[in-house]
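Input: a single structure, listed below in structure tokens.
So that the names make sense, note that chain A is the first sequence line, chain B the second, and so on, each numbered from 1.
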There are 2 protein chains.
Amino acid sequence: MGVTITENQPVERRKKIAKILEEKANGLCPVHDFLIHFANKWSMLVVLNLGYAGSPRFNELKSRVSGISQRMLTVTLRSLEEDGLVTRQLYPEIPPRVEYQLTPLGKSLLDVMMGLGEWAAKHEAEIAKARKKFRSRHAD
Amino acid sequence: MGVTITENQPVERRKKIAKILEEKANGLCPVHDFLIHFANKWSMLVVLNLGYAGSPRFNELKSRVSGISQRMLTVTLRSLEEDGLVTRQLYPEIPPRVEYQLTPLGKSLLDVMMGLGEWAAKHEAEIAKARKKFRSRHAD
DNA sequence: CGGGATCCTCATGGATACTG
DNA sequence: CAGTATCCATGAGGATCCCG
């Protein structure tokens with residue numbers, strides 16, 4: 001099989017994209033379906049922080065994800081748990097202790113999220129510059 | 001410099017994540033700032049379709065991104081343009097013709113988006129299974 | 001053709017109070 | 001400690017009409 005890695009070849013790229021955007025039985029492509037559950041303010045940040053912290057407790061995680069409310073952390077964790085990305089381990093002590101952890105599936109997503117995160121960190125300034133320019137051009 | 005690539009090393013990974021989550025002057029980490037503008041239903045799908053189609057016209061793109069409304073395509077494209085990810089080329093003909101295209105910055109994001117897209121396509125079934133299981137367990 | 005301008009709806013998500 | 005339950009504000013996003 002052709003293992004020759006030819007990065008940036010338009011043809012190969014188009015094939016890959018086409019596969020990603022292929023509609024499934026539900027009328028959605030995998031990306032769209034994924035985004036419906038994942039395109040929100042917190043999911044990605046929680047995944048990254050879980051990747052960093054290992055098996056944090058609820059409030060540990062809450063203090064790490066700066067700005068998140070108690071409610072939204074709960075909601076986000078439940079959603080991640082539902083998608084099989086996170087496990088919730090309850091230790092029935094008093095006071096109760098709960099630890100969250102990425103599943104193998106969650107860890108595989110973490111790798112992708114890190115790619116996105118590194119992109120964001122790398123191009124942050126460039127984007128900020130573009131925004132400024134755009135606004136000054138449209139500030140008529 | 002230590003170029004030894006040691007994938008999956010927790011220590012290196014934690015360092016990377018820490019850098020991604022590092023707060024900037026505005027009190028936000030790069031990812032958070034990025035997500036505020038990009039975590040929505042359409043941006044990623046539009047970027048992927050632009051990567052596929054090359055320099056599509058407005059309605060060409062609209063018919064490719066299944067389900068998107070005229071308004072949301074406009075809004076999304078403006079936002080991407082503002083972030084320096086997309087260029088808008090107007091040909092003052094009658095009727096007017098407008099072509100959209102990824103900038104180099106947009107193309108670099110496309111690569112990352114493809115990584116996410118491939119992840120979504122690969123693990124779609126697994127996620128669906130997890131959801132089913134979760135629901136049957138919580139259907140008391 | 002490629003939008004802009006409005007109106008409207010509903011889901012996201014923030015604040016607060018309460019609980020096992 | 002780790003939530004649940006409510007209430008409420010905001011804005012994302014859909015439908016529709018209009019316009020150069």
For [X] and [N], give me the distance from atom [atom1] to atom [atom2], rounded to whole Å.
| X | N | atom1 | atom2 | result |
| --- | --- | --- | --- | --- |
| A:Leu77 | D:dC1 | CG | P | 17 Å |
| A:Ile94 | C:dT19 | CD1 | P | 18 Å |
| A:Arg88 | D:dC1 | CZ | P | 16 Å |
| A:Asn59 | D:dT4 | CG | P | 13 Å |
| A:Glu99 | D:dC1 | CD | C1' | 13 Å |
| A:Arg97 | C:dG20 | CZ | C1' | 18 Å |
| A:Lys62 | C:dG14 | NZ | P | 11 Å |
| B:His138 | D:dG3 | NE2 | P | 12 Å |

Quiz item: Once you build an axis from the first five pairs and another from the last five of the helix from C:dC1-D:dG20 to C:dG20-D:dC1, how far apart in angle are they, to 10 degrees?
Solution: 50°

Self-check item: Any residue of residues 68-75 of chain A with a heavy atom less than 4.0 Å from an atom of DNA chain D
Solution: A:Gln70, A:Arg71, A:Thr74

Practice problem: Check every strand shown and say whether A:Tyr91 touches a base, only sugar-phosphate, or nothing at a heavy-atom separation below 4.0 Å. | Solution: nothing

Quiz item: For D:dA2, does either OP1 or OP2 sit under 4.0 Å from a side-chain N or O belonging to A:Arg57?
Solution: yes

Self-check item: Contact residues, residues 32-47 of chain A to DNA chain C [heavy atom, < 4.0 Å]
Solution: A:Asn40, A:Lys41, A:Trp42

Exercise. Specify the residue among A:Tyr100 and B:Pro96 whose closest nucleotide of DNA chain D lies further upstream toward the 5′ end.
Key: A:Tyr100

Self-check item: Trace of the salt bridge (Lys or Arg N to Asp or Glu O under 4.0 Å) decision for A:Asp33 with B:Lys41
Solution: CA-CA 10 Å; A:Asp33 184 47; B:Lys41 269 172 77 174; over 6 Å; no

